[in-house]
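Both backbone and side-chain heavy atoms feed into the values below; hydrogens, waters and symmetry mates do not. If you're wondering where the values come from, they're calculated on a predicted model, not measured in any experiment.
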Amino acid sequence: MRSLISFYIKYHVIVNLTLFVMIIVGLLGFTNLRFGLFPPEGIKYVTVDVRYPGASPLEVEEGITNKIEEELTGITGVKRVTSSSQENQASVRVELISNAEPDVVLDDVKTAVGSINSFPTSIEAPIIQKEEILNLAVTIGISSAELPLTTLKDIADDIKRDFLAEKGISKVFLLGLPDEEIEISVIERDLKKYNLTISDINRAVAQSNIRASGGTIEGFNEEIIIRASAKLYYAAGLQDITITAQPGGQIISLSDVATVNNQFADIPNDRYINGERGVTINVFATNNEDILEVAAFSKDYIQQFNAENTKVEAVLVNDLTIGLSQQLKTLVASGWQGIFLVLLMLSIFLNWRVAMWVAIGIPVSLITMFFIMNIYGVTINILSLFGCILVLGILVDDGVVVSENIYQHAQNGKKIFQAAVDGTMEVFPSVLSSLLTTISVFALFFFIDGKLGEYFSDLAFVIIVTLTVSIIECFLLLPAHLAHSKAIGADRKVPRFEQFINRAFETVRIKVYRPIITFSTKYPGIVFALAIGSLALTV
């Protein structure tokens, strides 16, 4: 280690180049970092959703849910299976063990569900997918005292399309709208007129409103896919469905025997914003999207929307990024305050040049840490920012100890280069052991299972990487900078203010600190009793 320190002190150009590279790559890494509310979570669930139109919850349970659960039993990587049977729908949630590969489990679940051949014939194709982790960024509300709910729905759909068209936003959900449905009200006298029954109407609608594949026809140069795509979603399309043909050739359509209307379901799902019926829009950020960019776009969109519309108003109901933004500001403020206090205190007790080189270690260590964060995919979130704030004080301590010891060696008459080497090597074991002890303690967070381990591993990562970088800066770059500056040396001219501080500090050391230490070593029992008494009072 001595030879490495001597090498860096001797070749000062390498020191400046190293410092320059650390700053540049750190800034580049910071610009590419993503912001998130919490650390990104891995895929933990695979979901199976099956639609069974017209079925009761009991029918769904017996015909779908139980069969899926039986097939999923024993699949490798599955921790637990939970299910929900509702009217028209079965939902099965497969929880993965911590070290399971989501894609492998997904394929196994698809194979298991696909092997079931006893499902009811009227079910829709099962939807099997990994449950994506979403982080709510903002909630936007739109309301109007003049416009009906159907118009608000159209406006909300337009807003959703605008958001999804924006790069970096892929998940937007509307709340406050009941499910849409098509109501077919059969006219009894017309049924009798054309000698029809409800079953005839039902069969005609089911046979006409389909989407199905009829296979393929292979030719010499092409392959033709046969597919019937006649799925209708609005009342206007259903009205022209042919029910039957009369002996005279007259075609009877659905509109001849029934009224068909688009309407909302009877299930209430009302939302009120500022006392008016409204719709809320939840905008999410995935693990690969920047939550601050999502929030910024949302705020700009609300401003522009309100400027262009008078009958409907958009408001920001909830902004989940406020805490993250505040913590980011706290980090910046703490960083500047830390640098200022280091400069102030070291300028008082040593000199301003030593203070400057020690203070540089704070931003250099943090910036380099941002570069490594980017490589390993760690986001800037509440936990990682807390780690940055927590590590600031430790960074300052190490630089102060090393620089002060180098300063003392130089004041004792050693040459500057030798003072830098000897002063660093003297405190190297104690400072390094202190840093390694802190690193080993925070490394334990990586061995915690579950969500707690995922969250606090980001905090531990930031602290460990920053302290590791600070070891390089503290033991290699700092001594070299001090050795080539005018900060140390027995022959330097000491300013009057520094002489006054030195005399005051020496007075405190001799007349206050020394008597206390002498008393403590002479009467250790009293000191121990005072410590125990203080502990008892605290409890």
> If you look at every heavy atom in Val279 and Ala156, which pair is closest and at what distance?
Replying inline: CG1-CB, 4.0 Å
> If you count the non-hydrogen atoms of other residues, nucleotides and ligands that lie under 6.0 Å from CD1 in Ile127, is the total more than 12?
Replying inline: no
> Less than 4.5 Å apart, any side-chain heavy atom of Val465 and any of Phe371?
Replying inline: no
> Listed by chain and number, what are the side-chain hydrogen bond (donor to acceptor under 3.5 Å, both in side chains) partners of Thr368, not counting sequence neighbours?
Replying inline: none
> Using 30° and 60° as the class limits, which term best fits the ring planes of Tyr301 and Phe305: parallel, tilted or perpendicular?
Replying inline: parallel
>> According to side chain to side chain contact (heavy atoms under 4.5 Å, CB included), who are the partners of Ser83, at least two apart in sequence or on a separate chain?
In response: Thr65, Glu69, Val92
>> Counting C-beta onward and ignoring hydrogens, is there a side-chain heavy-atom pair between Thr468 and Ile372 closer than 4.5 Å?
In response: no
> Given the rule in the ring-ring contact (aromatic ring centres under 6.0 Å, His included) test, do Phe445 and Phe461 qualify, once you have shown the distances and angles that lead to the verdict?
Replying inline: CA-CA 9 Å; Phe445 284 111; Phe461 180 90; over 10 Å; no
> Where do Leu152 and Gly278 come nearest, in terms of heavy atoms and distance?
Replying inline: CD1-CA, 4.1 Å
> With a 4.5 Å limit on heavy-atom distance, are the side chains of Ile448 and Phe456 in contact?
Replying inline: no
> Under the side chain to side chain contact (heavy atoms under 4.5 Å, CB included) criterion, do Phe284 and Leu136 qualify, and how do the steps go?
Replying inline: CA-CA 4 Å; Phe284 291 84; Leu136 180 61; 3.8 Å; yes
>> Within the structure provided, determine whether Met369 and Val391 are in side-chain contact (heavy-atom separation under 4.5 Å).
In response: no
>> Minimum heavy-atom separation for Val294 and Ile169, please, with both atom names.
In response: CG2-CG1, 4.0 Å
> Using 30° and 60° as the class limits, which term best fits the ring planes of Phe30 and Phe370: parallel, tilted or perpendicular?
Replying inline: tilted
>> Salt bridge or not between Arg161 and Asp157? Use side-chain N to carboxylate O under 4.0 Å.
In response: no
>> On a heavy-atom basis, which atom in Ile367 and which in Leu27 lie closest, and how many Å separate them?
In response: CG2-N, 3.6 Å
>> So which atom in Gln89 and which in Val60 form the shortest heavy-atom distance, rounded to 0.1 Å?
In response: O-CG1, 3.3 Å
>> Walk me through whether Phe442 and Thr438 qualify under side chain to side chain contact (heavy atoms under 4.5 Å, CB included).
In response: CA-CA 6 Å; Phe442 281 98; Thr438 306; 3.8 Å; yes
> What is the minimum heavy-atom distance between Ser298 and Val138, and which atoms define it?
Replying inline: OG-CG2, 3.3 Å
> Any chance CZ of Phe386 has more than 12 other-residue heavy atoms, nucleotides or ligands included, within less than 6.0 Å?
Replying inline: no
>> Is there a side-chain contact between Lys160 and Ile281 in this structure, where contact means two heavy atoms from C-beta onward sitting under 4.5 Å apart?
In response: no
> Is Gln303 atom CD crowded by more than 12 heavy atoms from other residues, nucleotides or ligands, each under 6.0 Å away?
Replying inline: no
> When you measure from the side chain of Thr466 to the backbone N and O of Ile463, does any donor-acceptor pair fall under 3.5 Å?
Replying inline: no
> Among all residues two or more places apart in sequence or in another chain, which pass the side-chain hydrogen bond (donor to acceptor under 3.5 Å, both in side chains) test with Asp103?
Replying inline: Lys130
> In chain order, what residues pass the salt bridge (charged side-chain N to carboxylate O under 4.0 Å, His left out) check against Asp49, with sequence neighbours excluded?
Replying inline: none
> Looking at residues at least two apart in the chain, or sitting in another chain, which of them share a salt bridge (charged side-chain N to carboxylate O under 4.0 Å, His left out) with Lys329?
Replying inline: none
> Given Lys311, which of Leu147, Thr151, Ile155 fulfils the side-chain contact (heavy atoms from CB on, under 4.5 Å) condition?
Replying inline: Leu147
> Sequence neighbours excluded, which residues qualify as salt bridge (charged side-chain N to carboxylate O under 4.0 Å, His left out) partners of Lys67?
Replying inline: none
